[in-house]
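What follows is a short report on a single structure.
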Amino acid sequence: MEPARTRIAPSPTGDPHVGTAYQAIFDKAFAEKTGGQFILRIEDTDQVRSRPEYELKIINCLKWLKLDWDEGPDIGGPYAPYRQSERTEIYREHIKILLEKGFAYYCFCTADELEHLRQEQKIAKLPPGYFGEYSPCRKLTEDEVRSKIKAGIPYVIRLKVPIDEGEVSFFDSIRKKQLVKKFKEIDDQVLLKSDGFPTYHLANVVDDYLMKINTVIRGEEWIPSTFKHVLIYQGFGWKLPQFYHLALLRNPDSQKSKISKRKNPVSLEWFRAAGYSPEILVNYLALMAYSLPEGIERFSFSELVNSFNPDRLSAAGPAFDFVKLDSFNTEYLSHTDTVSFRKHLKERLDYLEEYLGEDLFKQMMERFKPLSQEVGYWTDFFFKTKLQYNREDIEGIKPLSITDVKTFSEILNKWLKEKGSLFENLPVIPEEIITEAGKENMNPGIFAVYKAINNIVNDTDFHGSLLKRNFPDTFKEKIPKTAFMILRISCTGSKTSLPLWESLHRLGYYRVIARLDEFIQFTSSLIRK
RNA sequence: GUCCCCAUCGUCUAGCCUGGUCUAGGACACAGGCCUUUCACGCCUGCGACGCGGGUUCAAAUCCCGCUGGGGGCACCA
């Protein structure tokens, strides 16, 4: 394969998009596989929406994913500058060529006139577009044009699409077929805006040619525009690059529409702050359009490069499945070594301040008092793909009236009863223990555990390896099975926790006894009501 | 509306180009089991798809046509 020069050309008009990374993966893989180069070019031709901070964010996120480039605005390269706002002179020179060759023309129509035109076309049931007989400016003589320019009338320069019955076509290497469109279905696209900046179409073609991009990989949303691009290439007399139009990432709902921030997180910063591993995100994203011949799903970027074969790129639109991504991430994190795990956690925490912003981060810090509390506790709501709402939560925010208070206490009572039911299947406790505990305010199940712990300490060494590793037989005989859960809950506060004996050992005798004491009191108070 | 793209389990896909080896394979999810005095991990099993209709052929998930469904474009935004 010929060395491929590929490029990612994001527009710095918003948060770095997951689709940008998705595309960059294949750009970079293609370049590396063929011994070519991968280029980052910033398409900031929209003066209104482009912001320098977005460019920085894009660069940071792509670097986070280790999808770094061989040439770009930050590192330069033989075809600099790599920022389109710094190349306006180049576009103006090139538009002259198109003008001279008769492939472009001046247009002085105002926005209102254009709107009018579209209405006319709509009524006439014609496809909307500025072309053919609908374009008065196409018919302007050179003198007329010159005098209008002299008069200072603002203008744009449009592509002069042929008006005959012909057609344009190009080969799409993912769909593996020739895509065709008739001239009359293509509108006279604006090439140079009235602010003197090029539109995407012009800048993109000119830069791709000048930067020797021979492999264009981008989303399939660009297919309709590609016909215009081909016309521009032809106007200049340039050879076409190879086109690979990637299927668009879709929302995982039944609609499967193009992935959108209204329905799902799409910002790379979100993925980063949420704690996704960059390797895993890249792996998962690659899977959206590519599959290894061996059917291997988990692979590193270099493994992807090794086996990369553009023929295997898929044309069908994949739904982005957060559940599967999560499972990949979990698997990765739980099987990695402790050093990488710590590194990952540390990086995530470092980034969290940047993501939340200083104010919000400090707010989190204030709530961070109990040192054992993990970062996620206060920040999870940022990262849940689906929030769970509790009935109690919703009842709770109602305005309080007498009736409301009544309702509230009823719910509270019900809730407490459910907690109490945990002890429905209480173990049978010897009569003497219950007597000893005092029948009125002691929960027998808890007390049995309490008692047993005390016995154990009498019989064995709590701090010794016995408790750390093996379950003591003496304990086993004395305590019914359900008691283990009671022990676990009382000592860890949760029905699910790390292995019990190691945890108890780590807690130590005094804290175990203290927690049991507290738990006994807590449950007794619940049961009495 | 119009032009274009796409179509295998719920989801991501392998297979399709070079028809038979496909009673369609894998992964995530789900269900059951094993392991485990919890949870998780791990292991095993199960559930589950070639959108529909026509061709072509001895034979079609695979080739052709139509339909249906989904998606994208139709800006002085990219």
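Lettering of chains follows the sequences in order, A, B, ..., and the numbering in each one begins at 1.
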Side chains of A:Thr336 and A:His344: donor-acceptor distance under 3.5 Å anywhere? no

How far, in whole Å, is B:A27 from B:U68 if one measures between their C1' atoms? 30 Å

Euclidean distance, atom CD1 of residue A:Ile186 to atom P of B:U2 [Å, nearest integer]: 19 Å

Expressed in angstrom and rounded to an integer, what is the separation of A:Phe243 atom CZ from B:C5 atom P? 16 Å

Are OP1 or OP2 of B:C6 and a side-chain N or O of A:Lys177 less than 4.0 angstrom apart? yes

Any chance the side chains of A:Asp207 and A:Tyr82 put a donor and an acceptor closer than 3.5 Å? no

Between P of B:G71 and CZ of A:Arg175, the distance in whole Å: 16 Å

Can you give me the N/O atom pairs linking the protein to nucleotides 76-78 of chain B at distances under 3.5 Å, or say none if there are none?
unit_1	atom_1	unit_2	atom_2	d
B:C76	O2	A:Ser194	N	2.7
B:C76	O2	A:Ser194	OG	2.7
B:C76	N3	A:Ser194	OG	3.0
B:C77	OP2	A:Lys193	NZ	3.0
B:C77	O2'	A:Asp46	OD2	3.1
B:C77	O2'	A:Arg49	NH2	3.0
B:C77	O2	A:Arg49	NH2	3.4
B:A78	OP1	A:Thr45	OG1	2.9
B:A78	OP1	A:Lys193	NZ	2.6
B:A78	OP2	A:Tyr200	N	3.2
B:A78	O3'	A:Glu43	OE1	3.3

Taking a pair as Watson-Crick or G-U wobble with both distances under 3.5 Å, which nucleotide is matched to B:G1? B:C74

Give none if B:C47 has no partner; otherwise give the nucleotide forming a Watson-Crick or G-U wobble pair with it, both distances under 3.5 Å. none

Do A:Phe227 and A:Phe170 have ring centroids that are under 6.0 Å from one another? yes

Does atom OH of A:Tyr209 have more than 12 heavy-atom neighbours, drawn from other residues, nucleotides or ligands, at distances under 6.0 Å? no

Could you tell me whether a side-chain N or O of A:Asn251 sits under 3.5 Å from a main-chain N or O of A:Ser260, the two making a donor and an acceptor? yes

Mark yes or no for whether A:Asn283, through its side chain, and A:Glu297, through its backbone, hold a donor-acceptor pair below 3.5 Å. yes

Among the nucleotides B:C5, B:C28, B:C3, whichever has the atom closest to the side chain of A:Lys181 is B:C3

Considering only the P atoms, how many Å lie between B:G33 and B:G10, rounded to the nearest integer? 25 Å

Less than 3.5 Å apart, any donor N or O on the side chain of A:Arg218 or A:Thr226 sitting next to an acceptor on the other? yes

Is there a side-chain contact between A:Ile157 and A:Leu98 in this structure, where contact means two heavy atoms from C-beta onward sitting under 4.5 Å apart? no

Rounded to whole Å, please give me the gap between CG in A:Leu249 and C1' in B:G70. 16 Å

Should A:His201 and A:His229 count as side-chain neighbours, where that means a heavy-atom distance under 4.5 Å? yes

Could you please name the option among B:G71, B:G73, B:C28 that lies closest to any side-chain atom of A:Pro224? B:G73

Look only at the side chain of A:Asp44 and the backbone of A:Ser85, and say whether a donor-acceptor pair between them is shorter than 3.5 Å. yes

Paired with B:U68 by Watson-Crick or G-U wobble geometry, both distances under 3.5 Å: which nucleotide is it? B:A7

Inter-nucleotide P distance (B:A78, B:C16), Å rounded: 41 Å

How far does the P atom of B:U45 sit from the matching atom of B:A7, given to the nearest Å? 32 Å

What interatomic distance, in whole Å, is found between P of B:U62 and the corresponding atom of B:U23? 14 Å

What distance, rounded to whole Å, do you find between the two C1' atoms, one in B:A61 and one in B:C9? 13 Å

Say you pick atom P in B:C74 and the same atom in B:C50; how far apart are they, in whole Å? 36 Å

Tell me which residues in residues 329-339 of chain A put a heavy atom below 4.0 Å from RNA chain B, sorted by number, or none. A:His335

Separation of B:C5 P from A:Leu313 CG (nearest whole Å): 18 Å

Sugar-phosphate atoms are those with a prime plus P, OP1 and OP2; base atoms are the rest. Using that split, label each nucleotide of nucleotides 9-18 of chain B B, S or - for protein heavy atoms under 4.0 Å, 5' to 3'. --SBSSS---

Heavy atoms, side chains only, cut-off 4.5 Å: are A:Phe320 and A:Asn264 in contact? no

In whole angstroms, the gap separating P of B:C5 from CD of A:Gln178 amounts to 12 Å

Going by atom types only, do A:Tyr290 and A:Asn309 share a side-chain donor-acceptor pair under 3.5 Å? no

Whole angstroms only, please: what is the CG-C1' distance between A:Leu248 and B:G71? 8 Å

Between A:Arg41 and A:Gln84 (side chain of the first, backbone of the second, donor and acceptor by atom type, cut-off under 3.5 Å), is there such a pair? no

Expressed in angstrom and rounded to an integer, what is the separation of A:Asp326 atom CG from B:C41 atom P? 13 Å

Taking atom P in both B:C34 and B:G54, what distance in whole Å separates the two? 49 Å

Does a side-chain N or O from A:Lys182 land closer than 4.0 Å to OP1 or OP2 of B:C4, or not? no

